[in-house]
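Input: a single structure, listed below in structure tokens.
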2 protein chains.
Amino acid sequence: MTESVGKVTEQIFKLPSDLLLECGKTLKNIELTYETYGELNSDASNAILICHALSGNHHAAGYYKDENERLGWWDALIGPSKAIDTNKFFVVCPNNIGGCHGSTGPSSVDPETQRYYGPDFPVITVKDWVNSQAQLADHLNIKCWHAAIGGSLGGMQALEWCRLFPDRISKAAVIAAAPKLSAQNIAFNEVARQAIITDPDFQEGKYLDSEKSPKTGLRLARMVGHITYLSDEAMRDKFGRELKEGKLNFGFDVEFEVESYLRHQGDVFSESFDANTYLLMTKLLDYYDPAENYKGDLVKAFETIKAKIMVISFSSDWRFSPERSKEIVNALLAAEKDTTYLEIESSHGHDSFLFAEDRYVSALTAFLGN
Amino acid sequence: MTESVGKVTEQIFKLPSDLLLECGKTLKNIELTYETYGELNSDASNAILICHALSGNHHAAGYYKDENERLGWWDALIGPSKAIDTNKFFVVCPNNIGGCHGSTGPSSVDPETQRYYGPDFPVITVKDWVNSQAQLADHLNIKCWHAAIGGSLGGMQALEWCRLFPDRISKAAVIAAAPKLSAQNIAFNEVARQAIITDPDFQEGKYLDSEKSPKTGLRLARMVGHITYLSDEAMRDKFGRELKEGKLNFGFDVEFEVESYLRHQGDVFSESFDANTYLLMTKLLDYYDPAENYKGDLVKAFETIKAKIMVISFSSDWRFSPERSKEIVNALLAAEKDTTYLEIESSHGHDSFLFAEDRYVSALTAFLGN
């Protein structure tokens, strides 16, 4: 086990400005919860933004109380002498708007009404997130990120930073991402949403004032999601067709190890995540399409980009397959942007971006430079 | 549109013997609902058994009242001068035990107790199905099937016929199948089951005596299933990212065409299928593993086979990919069985087996012979 950044503390930033969202609504009194690791250098040229994915949060590295605690979700990659080296870089990771881990979201109380936002929280977009992150950068006196890095939905944010603020970002690592969701991706998200929305305890999203919340639906949503995060191969290696009790029981209790694993993942998630946030995050994924205002022309959508971009995909990722990454790469190259592409052999499926595979670490280290 | 077999009538067969099931229980008073198309020849040598898949039934071809009605599920392949030619063959298709379209299943009334079986219906297996189909063959005076044919779970039945009754089957077409489910396959089934079981209206399976049934859970189960039946490519071709109203509405109503399609599929299915049957069918799929009693050795499991077997897979099928079909083929070849394999280029995913693609039709026609 390599060294971690150690004990970390979450910080809260109140956005000085209201945020005009892409949906047309204005969000006021926004708070972003975030963490930082490492030190910002004197000319603020070593700052790296970490963008989290669907169910992620600001706790990307280290621990809160003691080292036996669960580490941050990207601790394998962020820390002293790790791929994202906190001896060199000042690393910033915010929980995004709409989240449920401290930043303003559906489970926050609207200071104006003193009620939970709940289902009235506006539908937000990747662009809205990047705009809020820009205010955080201002607050931290970061004029230009050395890099923005993210996997999956995080990769989309990194890419959007390059498009929206070409002068405020030098490099971006777009990992296990796609230029937009496929119909199949949207279909999986829709099943997750329907699981939540049709749970009687959802109560049209107003469950926070009630004693019940749509845990059953959220649990199902996570189970479906989890299948798409793992590869068939990873599941085979991890569970095969192993029977929990060694024999078939001809009933509907847990029989195969994979069932037990999925139920556990669903249970844990449904206890710790907010259903309205899950709805928002899946919708935000569905909506992401940088080429939308360019009649589908991704090359045109990338024209403003100045950053050097590294695109990384994983061989066994079927949620956002290497082919989807290549769509980004091909459009970047056609737009004559400084682009590097790497496909990593990995059996972990979409989740591969979370693991510190050697080639992946080397590539990120070299790309980030000094 | 090619000619159909025309108007068909369902028939009911009461099994003369009780059925000792693999789970150890005995099922009594079993009825099988079935249809036949074409004429049995004098020496009963032209009979073909059609085995249905997860949510299929006995209505494989033709129509009940008039030709504007929805045709049988495999009407594209079964009929005069079609791949399974009813001018030549006597085609038999039963609804399997545990089904909900006429044959004895959870929604049947147990003649002994005068109550619905419901959740007390025993967990059945592919072997149990084949044993019940053998009694139907006896009843129809069919000593030896010219062929058994099935797609998906239907293919598993055809394969099991070859193993269990080597002297009662000459040929088998095992289409879009797998020798056993992968952990990912089981995981998708488990999500479907959990959707049903955790629906409050499931009432531990005793919903038939109640006014409510777990339609919400069954709808979700079908939505998940449906994604796995279609390929990413088929979904892209069919729906792309088309918006139902041409623009984003920043809400949770239907936005993308694919959402509308999935919800519709789920709605229709939840009105016409029985939830307990769905649970049984997915469990039966999970359990299928002919090599189970041979320490995982599929070659040994195939040793008894005498039939000529054609294995067919489809390029875009990711539920049971061509690789899974090749596992069957390789084991058959290693066991020195008469084996043919064909991979068909098709964009319809797992559902490809339902469509009359030219090469597929030609291959089946040639394989079945005269």
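Quick note: numbers below take in every heavy atom, side chains included, and nothing from hydrogens, waters or symmetry partners. Here is how names work: the chains are called A, B, and so on, in the same order as the sequence lines, proteins then strands, and each is numbered from 1.
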Residue Leu243(B) versus chain A: region with a heavy atom under 4.5 Å: neither
Region of Val258(A) that comes under 4.5 Å of a non-hydrogen atom in chain B: side chain
Part of Leu262(A) lying under 4.5 Å from any heavy atom of chain B: side chain
Shortest non-hydrogen separation from Ser182(A) to Asp232(B) and the atoms involved: OG-OD1, 3.3 Å
Chain B contact via Thr125(A) - side chain, backbone, both or neither, heavy atoms under 4.5 Å: side chain
Pairwise distance CD1(Ile186(B)) to CD1(Ile227(A)) - rounded to 0.5 angstrom: 11.0 Å
When Arg193(B), Arg236(B), Arg263(B) are compared by non-hydrogen pairs under 4.5 Å with chain A, the top option: Arg263(B)
Minimum-distance pair of heavy atoms, taken over all atoms of Ala183(B) and Phe239(A): CB-CB, 4.4 Å
Check against side-chain contact (heavy atoms from CB on, under 4.5 Å), Tyr287(B) and Glu255(A): CA-CA 10 Å; Tyr287(B) 280 11; Glu255(A) 289 202 290; 2.5 Å; yes
From CD (Glu190(B)) to OG (Ser260(A)), nearest 0.5 Å: 9.5 Å
Glu323(A), CD: over 12 other non-hydrogen atoms inside 6.0 angstrom: yes
Validation row: Gln184(B), Leu230(A) side chains within 4.5 angstrom (heavy atoms): no
Region of Glu292(B) that comes under 4.5 Å of a non-hydrogen atom in chain A: side chain
Distance in Å, Phe252(B) CZ paired with Ile197(A) CD1, rounded so as to fall on 0.5 Å steps: 6.5 Å
Proximal to chain A - members of residues 265-278 of chain B, heavy-atom separation under 4.5 Å: none
Residue Asn249(A) versus chain B: region with a heavy atom under 4.5 Å: both
Nearest-0.5 Å distance, CH2 of residue Trp318(B) to CH2 of residue Trp318(A): 4.0 Å
Lys326(A) atom NZ, over 12 foreign heavy atoms within 6.0 Å: yes
Under 4.5 Å from any heavy atom of chain B - which part of Lys238(A): neither
Contacting moiety of Tyr261(A), where chain B heavy atoms sit under 4.5 Å: neither
Point-to-point distance, once rounded to the nearest 0.5 Å, from CG of Asp286(B) to CZ of Phe256(A): 5.5 Å
Spacing of Met223(A) atom CE and Thr198(B) atom OG1 [to the nearest 0.5 Å]: 8.5 Å
Pick from Asp289(B), Thr216(B), Leu248(B), Val191(B) with the largest number of heavy-atom pairs that fall under 4.5 Å of chain A: Leu248(B)
Structural part of Glu257(A) lying under 4.5 Å from a heavy atom of chain B: neither
Side chain proximity check, Glu259(A) to Gln194(B), heavy atoms < 4.5 angstrom: no
Pick from Arg219(A), Lys25(A), Glu22(A) with the largest number of heavy-atom pairs that fall under 4.5 Å of chain B: Arg219(A)
Check: Leu181(A) main-chain N/O paired with Arg241(B) side-chain donor or acceptor under 3.5 Å: yes
